[in-house]
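A short worksheet on the structure shown next.
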Amino acid sequence: MIEDLVVAFLTRYNYYMAVIIMLIGLYAMIAKSNLIKKVIGLNIFQTAIYLFYISIADVEGGTAPILVPGTDVVYVNPLPHVLILTAIVVGVSITAVAYALAIRIYQSYGTIEEDELLELGSERR
Amino acid sequence: MKRWAALLTVIVVGALLLWAEGDMPAFGDPDAPAHAHVAPRYIEEGAEETGAANLVSAILADFRSFDTLGEITVIFTAGVSVILLLRRGERL
Amino acid sequence: MRENVVIRTVTRLAVPFILVFGLYIILHGSSRAGGGFQGGVIVASAFILIGIAFGLDETQRRIREKVRTIASILGISIFIGIGLLCILFGANFLGYAAIPLPLDTPWVRGLMMEAVEIGIGITVMAVMTSIFYDVATKEEGE
Amino acid sequence: MISEHLPILAVILPLVGALTVLLAGWAERRYCYPVAVAVLTIQFGLSLAILREVLRGGTIHYYLGDWAPPWGIELVVDHLSAYVLVILVFLSLLSCIYAKRSIGGEIDPQKTVAFYVMFLLLVVGVCGITVTGDIFNLYVFLEISSIAAYTLVASGREKKGLLAGFNYLIMGTISACFILIGIGHLYVVTGTLNMADLARLLPPLYDSTIIHVAFIFFIVGLSIKTALFPLHTWLPDAYSHAPSAISVLISTVISKMGIYATIRILFSVFTVGFIVDHLPILEFFAWVAAIAVIAGSVIAIAQTDLKRMLAYSSVSQMGYIMLGIGIANSVAMTGGVLHILNHALIKGCLFMVAGAIIYRVGLRKIDDFKGLAGRMPYTCAAFFIAAISMIGLPPTVGFMSKWYLTLGAIEAGEWFFVVVILASTLLNAIYFWRVLEYAYFRHADAETPELESRVPVSMLLPMLVLAAGCVVFFFAVSIPLGIIDAAVADLLGGA
Amino acid sequence: MATIHSIVPACAVLVPLAAAVLILLSRRHEKIREGWTILAAAANFLIVLSLLPQVLAGDRVACTLIELLPGLDMAFRVDAFGMIFALVASGLWIVTSIYSIGYMRALREHALTRYFFSFAVAIAAALGIAFSANLVTMFIFYEILTISTYPLVAHTETEEARKAGRKYLAYLITAGVFFLFSVILTYFLTGTTDFQPGGILAGTGPVILQQILFVTFLIGFAKAAWMPLHGWLPSAMVAPAPVSALLHAVAVVKAGVFGIVRVVCYVYGIELTAEIGMGTLLAVIAGATIITGSLLALQQDNLKQRLAYSTVSQLSYILLGVALLTPMGITGAMLHVPFHAFMKITLFFCAGALIVAAGVEYVSDMKGIGRRMPVTMLMFSIGAIGICSLPPVCGIISKWYLVLGAMQAHNLAAFLVLITSSVLNILYFFPIIHTAFFEEPESGREGVREAPLSMLVPLAITAVGSVLLFLAPDVAFLRLVEVAIGELTGVLP
């Protein structure tokens with residue numbers, strides 16, 4: 001039983017790692033009060049997803065999918081790399097927008113702590 | 001309160017993912033379905049068909065180039081977003 | 001920091017190399033590791049470095065702003081243009097093979113991919129720089 | 001020659017339009033608006049042409065780069081896509097027309113250019129989602145429209161809009177990440193990203209936990225996007241603090257886009273075989289939707305701010321549509337899909353009215369609306385018609401969707417849902433009638449401030465068009481029904 | 001029995017609607033606006049009248065407007081029973097219009113455009129209900145009627161009026177929901193919603209479902225003000241008198257009972273209703289409402305409230321007549337629709353005249369008012385006598401048939417209820433007449449004169465009309481009822 005688990009873990013450890021990193025990011029996104037930390041959490045979350053995708057692509061003994069002369073070269077699956085390239089760009093874009101928003105919030109409210117922002121918001125009501 | 005909500009979310013999401021990960025094909029398994037369906041053609045014929053040795057580029061700029069168009073639209077959108085949010089006092 | 005001679009000198013020396021490296025990455029996308037995104041970001045980093053080292057000079061920025069905007073439009077336009085060109089020659093959108101060049105199909109494809117990568121590179125470079133400048137600029141009166 | 005390229009043009013046109021607006025605005029800021037309207041008008045014609053093509057020749061497949069799927073990306077336009085596309089483009093057009101004057105007081109004039117560019121980019125994303133047949137492509141376009149939406153929500157002068165935008169961004173990104181995780185898991189087990197290919201490859205794998213988990217992540221992610229109760233937390237702030245034209249846009253276009261994506265994933269990727277026969281997941285979905293219908297309405301009753309009330313009403317209405325889909329027989333689904341049209345008309349109109357009231361007299365609290373009908377007769381008339389349609393009374397199209405939903409629930413033997421659908425009528429009546437009573441049957445205590453002399457035509461016309469639409473589609477309901485029947489048959493075809 | 005296709009029924013509905021639009025357009029010109037109202041009322045009555053010969057000949061006039069949903073048309077079909085309701089509604093609209101103008105001018109009421117607009121829409125809806133060929137069409141106009149009469153109820157915009165308006169809507173929209181449910185369930189069970197003389201529901205669905213459906217139909221027709229769903233009617237009396245007169249004595253409440261009769265006779269069919277025991281249920285409800293309504297009317301001091309409770313009670317006459325499920329009973333019920341309308345509208349007109357001319361709203365304030373306003377109170381007496389089923393007013397005819405029906409059904413309880421109710425009617429009406437004519441007037445009423453002619457003439461017309469209907473019942477209504485009964489029982493005249 002334990003052995004099975006260990007084997008399961010050892011053969012899939014990077015999926016598990018990706019999951020753990022995802023969870024860290026997700027926790028930060030929800031629980032952190034500082035808006036910048038939320039964005040950092042968001043980045044961690046996304047990075048973990050990249051890791052997940054890249055793990056999917058891996059083939060044992062494979063090399064980067066750039067053709068080299070030779071017949072029995074094993075290449076890793078190129079498709080997830082492409083997807084993740086796209087996802088990275090999306091992540092960068094979202095981060096940029098998030099920081100821009102955070103900057104504007106700081107300019108308008110003078111703080112980026114969510115608790116204080118909520119208080120300020122309710123006072124104005 | 002918020003912390004507990006976050007923790008709960010994390011636990012649920014984590015449990016789901018870990019549950020699924022147990023069924024995943026082993027890391028690096030060359031027989032995984034992911035490598036069996038669409039990918040082989042990219043690897044075997046992609047270079048000849050597109051003239052690019054870099055298969056990632058071949059897919060990025062040819063097979064799935066529409067994704068890439070979407071992608072630079074995303075980044076363009078982000079650029080305009082930042083302009084819209086932050087730039088002041090100028091035209092544009 | 002504005003007065004830091006070391007940083008300015010190093011920047012002056014490094015920027016040409018960064019730019020060349022970035023262009024190399026963009027242009028070698030189809031045969032070696034590289035591509036429009038990566039190269040574009042590298043080129044952008046050169047401009048960002050200039051901004052950090054020399055300050056966001058107002059006048060300089062005005063010129064750059066126009067260039068950046070045009071560049072970002074240009075990049076996407078190259079991409080869309082190639083796609084529409086393919087339609088014009090009777091293929092589907094982005095069906096590079098239809099473009100009548102006196103070359104074999106893989107070569108045409110490769111060439112078009114290269115053009116697309118350049119488009120991507122230009123846009124990414126322009127937008128990244130633009131984002132950096134916008135985020136780094138303080139609001140007036142602050 | 002053009003006709004075979006219509007699907008891709010539906011994505012490219014607004015993108016080129018966005019670039020054109022940027023250039024035009026660079027030359028002269030006031031050129032932006034006419035260019036944007038012109039682009040959207042052409043886009044509307046284009047979407048109608050697509051609809052005609054689909055009605056004439058059935059589903060359109062378009063292989064990008066001439067690569068056959070699953071290797072390349074495929075655009076698929078079936079009846080549902082074409083139907084949703086026409087609605088969304090039409091609403092975008094109207095809210096763009098509406099934006100001209102309404103953003104005057106809400107957005108810095110320097111930002112006008114970027115605003116319209118953003119507006120068109122949002123349309124790019126939305127149109128991309130409706131026509132694509134590839135799940136990763138769907139994700140990319142989802143992000144385009146989402147980023148545009150986050151920014152547009154925060155683009156106004158109102159400070160709270162920023163916070164609303166930020167929260168929307170966080171929730172939206174969680175949702176997008178969930179969808180990305182779902183896509184990854186599907187790719188792991190199938191090796192493909194094409195929707196039709198996935199639908200073909202999935203059935204033997206239905207027992208795999210990976211599929212189940214992927215499904216859950218898709219559904220949760222999409223539910224956040226559609227703001228299905230209890231994942232709606234971002235919605236009220238985003239809707240109520242955005243500039244009015246953007247409230248209109250996101251309440252109609254973005255929410256419908258989420259619904260469309262949900263239907264696509266449920267029925268075109270996982271197919272009826274999975275969601276109905278294999279797992280009782282739709283049953284669960286329907287229950288959540290039913291709770292959303294009631295909870296959204298109840299919270300809406302408690303609101304004092306008109307835009308906020310409308311926002312919670314949206315939560316309830318999204319539940320309505322989802323309920324129709326969750327019941328999953330053809331009649332109820334017809335009701336749900338018809339309600340997409342209905343809700344787009346209604347909510348567009350109502351948010352336009354709310355914006356016009358703010359524009360004209362600067363009021364947003366319902367208690368301040370005393371005697372408003374006398375001062376803004378056309379606006380209040382539009383509100384009245386839209387409210388009637390929301391309550392579901394004839395002669396408005398709201399009646400038709402309610403008819404189908406109820407009939408579908410009866411056919412399914414789900415008496416509880418029948419009660420929910422009918423009870424929501426009453427709840428809707430309560431909160432809308434309160435507004436109408438204030439507007440029509442109370443005298444103003446004192447003279448409320450008059451910000452502008454009158455509501456400009458560019459704001460009045462779109463809302464009257466939408467209000468008229470509510471009535472017209474009651475009598476001409478056979479037009480959308482013809483499309484919807486085919487769409488529903490497509491979706492349930494696998495059963 | 002032939003079916004004639006004609007657009008005339010649609011015209012009857014569209015004319016008031018067109019008038020409503022014209023009223024809205026001419027909102028700045030008082031005279032023109034009122035001119036449209038009268039013109040439309042007259043035209044409308046003529047249109048309805050033009051259909052009369054065909055209907056009397058046993059033909060039906062049908063008109064399909066538009067196919068709403070597959071198999072569900074928005075369609076009109078004029079039969080004898082619908083004709084009765086349409087004649088009453090359109091005919092009384094003319095007098096009420098004239099009366100309204102006088103009433104509103106005398107009280108210098110506000111928002112008259114809204115008033116006349118809503119009024120015209122309400123009439124259109126009433127005609128739509130009368131002519132509707134199926135449940136869906138009926139539902140559509142039923143809801144339009146609800147919405148369009150709300151502004152009339154809440155017209156004065158006082159807190160009381162708004163409250164009454166809310167109550168009105170709360171009852172009627174809830175009822176509408178039940179009605180909608182019933183329509184959809186009917187459609188689900190039968191695949192159609194057309195009215196058929198023999199009913200459409202027979203042989204579909206389990207009995208329990210049909211029983212539940214019957215109950216939801218009844219709740220759906222809360223406009224019929226049967227107890228305990230009558231609460232909206234007395235509070236709606238805050239509306240101006242012409243509204244109370246036409247809508248709450250004629251159009252709205254009659255639409256409710258009309259609907260119930262339609263459902264019993266044309267959806268369920270007499271036999272099925274009897275078979276599933278729902279006739280008894282309806283009879284019990286109706287009987288209880290008759291007695292309780294009368295008793296409650298006794299306690300009211302506000303004249304319009306008393307009339308409202310009287311309406312509640314009288315409406316259930318019609319329900320009781322139908323519930324007896326005998327030809328005679330149904331004849332009585334159908335006859336009572338127009339007869340009660342004529343009598344009750346007279347009473348409400350008089351109540352309005354009292355308000356305008358003397359500011360009197362309470363029975364206790366009416367001492368000696370008959371000496372100051374003899375015409376008004378004379379007409380009031382005629383109406384009251386009619387309601388009490390005494391000659392020479394038409395009320396006795398319908399009552400006669402109802403009693404015959406009760407006997408035909410061997411229903412002693414119904415018989416007793418009818419008799420008791422007549423006694424109660426006398427008990428609550430005669431004190432009013434007594435107070436008005438025979439008690440000493442209070443001081444300060446010396447200057448009180450009759451109401452303006454524009455009010456007096458209409459109420460005289462309706463009062464005389466109710467007497468004429470007694471003298472010559474078979475001019476129109478009795479013959480129409482005979483046609484309808486013939487159709488229902490399969491025996492054509």
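Below, chains carry the letters A, B, ... as their sequence lines are ordered, and counting in each starts from 1.
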When the aromatic ring centroids of B:Phe66 and D:Phe141 are compared, is their separation below 6.0 Å? yes

May I ask you to check whether D:Trp71 and B:Phe63 place their ring centers less than 6.0 Å from one another? no

Which of the residues [options] is involved in the greatest number of heavy-atom pairs with chain B at under 4.5 angstrom?
options: D:Asp197, D:Thr112, D:Leu75; result: D:Asp197
options: D:Ile147, D:Val188, D:Val140; result: D:Val188
options: D:Thr132, D:Leu122, D:Asp66, D:Leu121; result: D:Leu121

Does [X] reach the side chain of [Y], with side-chain heavy atoms less than 4.5 Å apart?
X: D:His185; Y: B:Glu21; answer: yes
X: D:Val117; Y: B:Ile83; answer: no
X: D:Leu193; Y: B:Arg64; answer: yes

Does the side-chain contact (heavy atoms from CB on, under 4.5 Å) test come out yes or no for D:Thr151 and B:Val80, once each step is laid out? CA-CA 9 Å; D:Thr151 315; B:Val80 182; over 6 Å; no

Please determine, among B:Val74, B:Thr77, B:Ile59, B:Leu17, the option with the most heavy-atom pairs under 4.5 Å with chain D. B:Thr77

Given that the side chain runs from C-beta out, which part of D:Asp134 has a heavy atom under 4.5 Å from chain B: side chain, backbone, both or neither? side chain

Give, as side chain, backbone, both or neither, the part of D:Thr190 having an atom under 4.5 angstrom from any heavy atom of chain B. backbone

Contacting moiety of B:Val13, where chain D heavy atoms sit under 4.5 Å: both

What part of B:Leu69 gets within 4.5 angstrom of chain D, counting heavy atoms only: side chain, backbone, both, or neither? side chain

Where do [X] and [Y] come nearest, in terms of heavy atoms and distance?
X: D:Pro70; Y: B:His37; value: CG-NE2, 3.7 Å
X: B:Leu85; Y: D:Lys111; value: O-NZ, 3.6 Å
X: B:Gly70; Y: D:Ile144; value: O-CD1, 3.5 Å

Identify every side-chain donor-acceptor pair in residues 209-220 of chain D under 3.5 Å, counting partners at least two apart or on other chains, and give the distances.
from, atom 1, to, atom 2, distance (Å)
D:Thr209, OG1, B:Asp23, OD2, 2.7
D:His212, NE2, D:Tyr206, O, 2.8

Hey, is CZ on B:Arg41 packed in by over 12 heavy atoms from elsewhere, all under 6.0 Å? yes

Side-chain atoms of residues 169-183 of chain D: list all donor-acceptor pairs with protein atoms under 3.5 Å, sequence neighbours left out, distances to 0.1 Å.
from, atom 1, to, atom 2, distance (Å)
D:Thr173, OG1, D:Leu169, O, 2.6
D:Ser175, OG, D:Gly221, O, 3.0

Euclidean distance, B:Asp67 CG relative to D:Phe136 CZ, rounded to 0.5 Å: 6.0 Å

